[in-house]
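Just so you know, these numbers use all the heavy atoms, side chains as well, and skip hydrogens, waters and symmetry mates. If you're wondering where the values come from, they're calculated on a predicted model, not measured in any experiment. Convention: sequence-line order gives letters A, B, ...; per-chain numbering from 1.
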Amino acid sequence: MSQRIIVRAVELVGSGAGGKGSTDILIADGVIAELGSRLSDAKATVIDADGLIALPGLVDLHTHLREPGFERSETVLSGSRAAAIGGFTAVHAMANTNPVADTVSVVEHVMSLGDSAGYVTVRPVGAVTVGLGGVRLAEIGAMARSRAKVRVFSDDGKCVSDAQLMRRALEYVATFGGVVAQHAQEPRLTEGAQMNEGRVSGELGLEGWPSVAEEAIIARDVLLAEFVGARLHVCHVSTAGSVDVVRWAKARGIPVTAEVTPHHLLLTEELASGYDANFKVNPPLRRSEDVAALRAGLADGTIDVIATDHAPHPQEVKDCAWADAAFGMVGLESALSVVQAALVDTEVLAWTDIARVLSSMPARIGHVEGYDRGIAAGAPAELTLVDPAARRDFEVGDLRGESVNSPFVGLRLPGRVMATIHAGNPTVLDGELVAAERVAAAATKSEGRGRG
Amino acid sequence: MKHLVSTKSISRDEAIDILDVAEDMSDVAGREVPRLPALRGKTIVNLFYEDSTRTKISFEVAAKRLSADVITFSAKGSSVSKGESLKDTAQTLAAMGADAVIVRHPASGAAEVLARSSWIDAKILNAGDGTHEHPTQALLDAFTIRRRLHGDHARGHGLDGCRVTIVGDIEHSRVARSNVWLLTTLGAHVTLVAPATLLPPSVRAWPVEVAFDLDHALAAGPDVVMMLRIQAERMHESFFPTEREYSTHWGLDDVRMRRLPGNTLVMHPGPMNRGLEISSGAADSPMSTVREQVANGVSVRMAALYLLLIGNEAEVA
Amino acid sequence: MTARTVMQQADISRALTRISHEILESNRGGSDLVTLGIPTRGAVLASRIGAILESIEPGSGTVGTLDVTMYRDDLNRTLTRTPQPTRIPPSGIDGKTVVLVDDVLFSGRTVRAALDALADLGRPRAVRLAVLVDRGHRELPIRADFVGKNLPSSLAERINVRLHDVDGAEDVAIEP
């Protein structure tokens with residue numbers, strides 16, 4: 001009954017071998033059964049992957065799936081579909097839902113919604129503080145020991161700005177083997193802030209968001225992490241100064257990891273000039289100097305992972321004056337193309353590095369099992385087949401979530417995910433999503449097998 | 001002109017053209033029938049999301065002098081969320097056949113959003129958006145300066161070589177922004193004077209000089225001193241310590257006023273805080289253009305409406 | 001495609017002299033006379049007529065300009081029109097005889113606009129119309145009181161008036 005698949009003539013990336021040339025991959029019972037050339041299996045579905053490259057399944061450390069509470073923006077199912085078409089096989093669902101993911105019941109609910117949708121592994125992120133209120137710690141231990149096995153805790157959207165509370169959170173989360181993912185934004189320096197503070201904000205008359213508001217929190221937090229001996233993860237680093245602080249912290253041996261979003265690797269503050277709120281995001285788009293520093297930070301390992309910060313919003317909170325609009329942009333569907341444009345085509349990173357920053361490292365930080373070996377015999381069958389030679393004008397029609405607030409619509413982008421395989425089952429074939437019923441049915445079977 | 005949202009995109013020739021037309025419009029005020037039939041049958045909507053009696057009335061008079069039908073819509077205090085109501089209101093106005101919408105909004109960029117949107121294809125005239133721009137205020141300031149410099153022979157002139165010092169809360173001032181772009185386009189040299197807390201980020205990238213010391217700036221002998229309104233709320237946000245300290249360092253008081261040559265123009269976009277950024281003596285002196293600015297506002301707005309609503313649509317400002 | 005010249009410089013100045021005399025004659029003298037030209041070329045002609053009037057009868061050469069741009073009925077159909085200055089003599093037009101001057105009388109719409117503009121400026125005792133050329137094809141019940149030259153033309157033809165002050169040359173030509 002289990003699905004058997006042969007991926008024919010693909011170029012492997014991130015296998016550790018680093019060798020070129022085409023390989024066949026046999027997938028059976030949810031794992032990679034065999035790698036080789038001219039594999040054959042009478043019962044297998046064959047995916048012709050000539051000209052494609054195989055990446056290990058992409059893992060997003062930072063996704064807003066909006067369910068429960070904001071299903072008009074996104075649901076676990078719709079967000080999972082957006083993830084799959086973008087080549088992801090696992091996502092971390094941020095805690096700023098309604099109710100907030102600060103209890104066992106919410107994180108288990110989100111996880112099971114993800115399981116039944118079947119497109120990706122949904123790993124809930126737990127809130128650090130009750131209701132993201134920044135006052136009392138949430139029941140971190142209970143969430144860590146729940147069925148959802150939460151390992152990443154974040155008040156993302158809000159900064160844990162109270163230094164004492166942050167110190168306690170770092171220590172307490174470490175107790176359960178997890179990590180605090182900090183949204184670094186000094187609240188008083190960013191009251192009413194609308195966009196990066198600088199030349200453009202000055203001309204547009206939009207309240208500035210100073211880079212120091214991010215850098216000061218990161219500097220404080222790495223020192224706290226060092227002092228208490230706990231691990232820290234910094235969400236969506238966006239400024240050159242932040243990269244410098246993290247680089248300094250790592251050189252000092254502080255256990256810190258950092259992420260950057262695809263949009264901060266490609267877009268700049270200039271895009272705010274037309275007051276199109278699709279470019280309004282938290283943290284804001286910065287200067288081209290910052291974009292260059294972020295790319296350099298990825299190249300030298302200062303920044304560990306790329307995470308989308310996929311943040312869907314309904315049209316009415318974007319179709320308005322800038323100051324009245326919501327922060328955030330969707331990014332799952334476009335992530336790999338944007339990363340290719342910003343890093344691969346510019347020769348900042350090679351595809352093997354992409355496999356690291358978009359798969360193995362985020363999986364390690366988030367404790368997602370099965371990604372440490374990449375594409376290897378015996379590893380879980382989580383992989384993504386990409387046509388790096390494809391070019392397309394990115395359109396609203398390329399989005400698969402509930403929301404269309406993408407800043408990339410209208411841009412010509414390279415690369416395209418042609419197939420995604422999650423837990424041994426295809427979720428994307430021929431560049432299009434596999435139907436929801438088929439994916440859900442396959443997921444149920446796999447789960448039965450796993451439990452059996 | 002397609003829309004009038006910002007002075008940044010207005011060329012020198014366009015600016016002089018608007019000012020010249022405003023000269024013709026100002027003649028109308030003194031006539032037996034102060035009215036022109038040019039915009040007969042046009043519907044102009046005054047869409048105000050912020051209180052501003054003065055600007056609203058100025059536009060209303062301008063539109064009526066051109067024989068347009070004027071509808072004033074005060075959207076302030078609407079229960080709908082601001083964002084939704086902007087789109088909804090725009091679509092409503094479009095359905096009613098508005099030819100031009102004069103919009104005042106507390107959010108920077110609101111006029112630009114309307115102009116770029118597909119919600120309405122009327123001409124959009126920005127009457128002040130947040131802390132971004134207020135183009136007709138800058139045009140009336142330029143008009144006032146030009147008239148004082150050139151009298152009845154102002155037509156065709158720019159403001160070449162004119163030295164204008166703008167003092168006060170530059171950071172939060174849409175008047176300052178519009179004036180910086182327009183006055184420098186017209187050839188004036190602009191100096192901004194304020195404490196560092198009230199200067200916009202990266203102001204050094206602007207085509208202006210920046211100074212902290214008002215006395216020093218006034219000693220340089222500017223042709224025009226433009227005082228901006230300072231809002232008392234800024235004090236509570238620690239932009240400056242007290243009103244007294246602000247007034248002492250950056251207010252145009254009687255002592256500073258006496259030191260200015262008699263041909264210096266003293267301007268203020270209003271409404272004034274007498275005794276704070278400007279003394280009563282300064283505001284009421286013959287050097288002050290405060291009252292002229294109000295009268296010229298109507299002429300300049302007539303010119304803007306006329307040029308927006310008549311003729312071809314090849315140009316965009 | 002060649003233009004046919006129908007008035008030379010000398011013809012134009014003779015016509016203006018004759019018109020000036022006719023104005024004085026019909027007005028029974030030069031008292032309370034205001035000559036207003038419609039920009040651009042009408043204003044040039046008005047100032048020349050004013051100079052001739054003044055030379056014949058001192059005090060009768062009061063001139064001004066009357067811009068009719070804002071009163072046109074085709075504002076929405078044409079390119080942007082920048083208005084020209086209107087200059088009314090300080091004595092005003094109330095109770096005066098106003099002579100409107102234009103270069104070419106054609107549909108009559110410009111004169112219609114001028115009459116509306118005048119009404120907003122005051123109440124003249126009488127309004128007369130002087131034109132250098134009347135080419136016919138009226139669309140409104142308007143006629144000129146003083147005409148330099150009647151020039152029957154087809155609608156397809158163009159009447160081109162050039163004056164030194166504006167065009168650097170001086171003549172009237174018909175272009176096919």
Side-chain angles (χ1 to χ4, degrees), chain A residues 72-73 187-213 239 268-280 284 286-290 313-328 396 404-405 409-410, chain B residues 5-9 49-50 80-91 103 105-119 126 128-134 169-178 180-181 192 198-208 210 237-238:
Chain A
R72 241 160 30 90
S73 302
R188 283 282 286 142
L189 283 173
T190 52
E191 271 172 29
Q194 296 295 324
M195 67 169 295
N196 183 48
E197 176 169 327
R199 189 181 54 77
V200 182
S201 74
E203 285 180 11
L204 295 181
L206 290 173
E207 196 78 31
W209 188 305
S211 52
V212 65
T239 75
T268 65
E269 59 175 0
E270 299 288 339
L271 291 162
S273 298
Y275 295 100
D276 179 347
N278 280 319
F279 297 109
K280 180 173 174 176
R286 306 283 190 180
R287 305 162 306 157
S288 52
E289 297 93 303
D290 295 300
H313 286 293
Q315 211 154 357
E316 62 268 21
V317 296
K318 287 293 188 181
D319 250 7
C320 52
W322 183 281
D324 300 329
F327 290 98
V396 167
V404 298
N405 54 307
V409 169
Chain B
V5 169
S6 154
T7 58
K8 201 164 183 217
S9 49
Y49 286 87
E50 250 182 15
V80 200
S81 92
K82 281 183 229 157
E84 277 181 354
S85 74
L86 184 62
K87 181 176 180 177
D88 290 345
T89 309
Q91 287 175 337
V103 62
H105 199 284
S108 299
E112 172 99 20
V113 167
L114 274 185
R116 284 175 180 247
S117 76
S118 55
W119 311 330
N126 183 5
D129 61 326
T131 55
H132 177 224
E133 287 218 35
H134 190 357
D169 186 357
I170 312 291
E171 157 127 50
H172 301 97
S173 175
R174 51 195 173 208
V175 175
R177 279 177 184 75
S178 286
V180 164
W181 312 130
L192 305 177
L198 294 176
L199 287 168
S202 305
V203 69
R204 309 269 167 192
W206 293 14
V208 298
V210 178
E237 297 161 21
S238 295

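Residues of residues 198-208 of chain A lying within less than 4.5 angstrom of chain B, judged on heavy atoms, are Gly198(A), Arg199(A), Ser201(A), Gly202(A), Glu203(A), Leu204(A), Gly205(A), Leu206(A) in numerical order.
Atom CD in Glu237(B) sits 8.5 Å away from atom CD in Glu191(A) (nearest 0.5 Å).
Using a 4.5 Å cut-off between heavy atoms, Pro201(B) touches chain A through backbone and side chain atoms alike.
If you tally non-hydrogen atom pairs under 4.5 Å between each of Glu171(B), His132(B), Glu133(B) and chain A, the highest count goes to His132(B).
Here the closest heavy-atom approach between residue His105(B) and residue Ala321(A) is recorded as CE1-CB, 4.3 Å.
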Ser108(B) vs Tyr275(A), side chain to side chain contact (heavy atoms under 4.5 Å, CB included): CA-CA, chis, key distance, verdict: CA-CA 8 Å; Ser108(B) 299; Tyr275(A) 295 100; 4.2 Å; yes

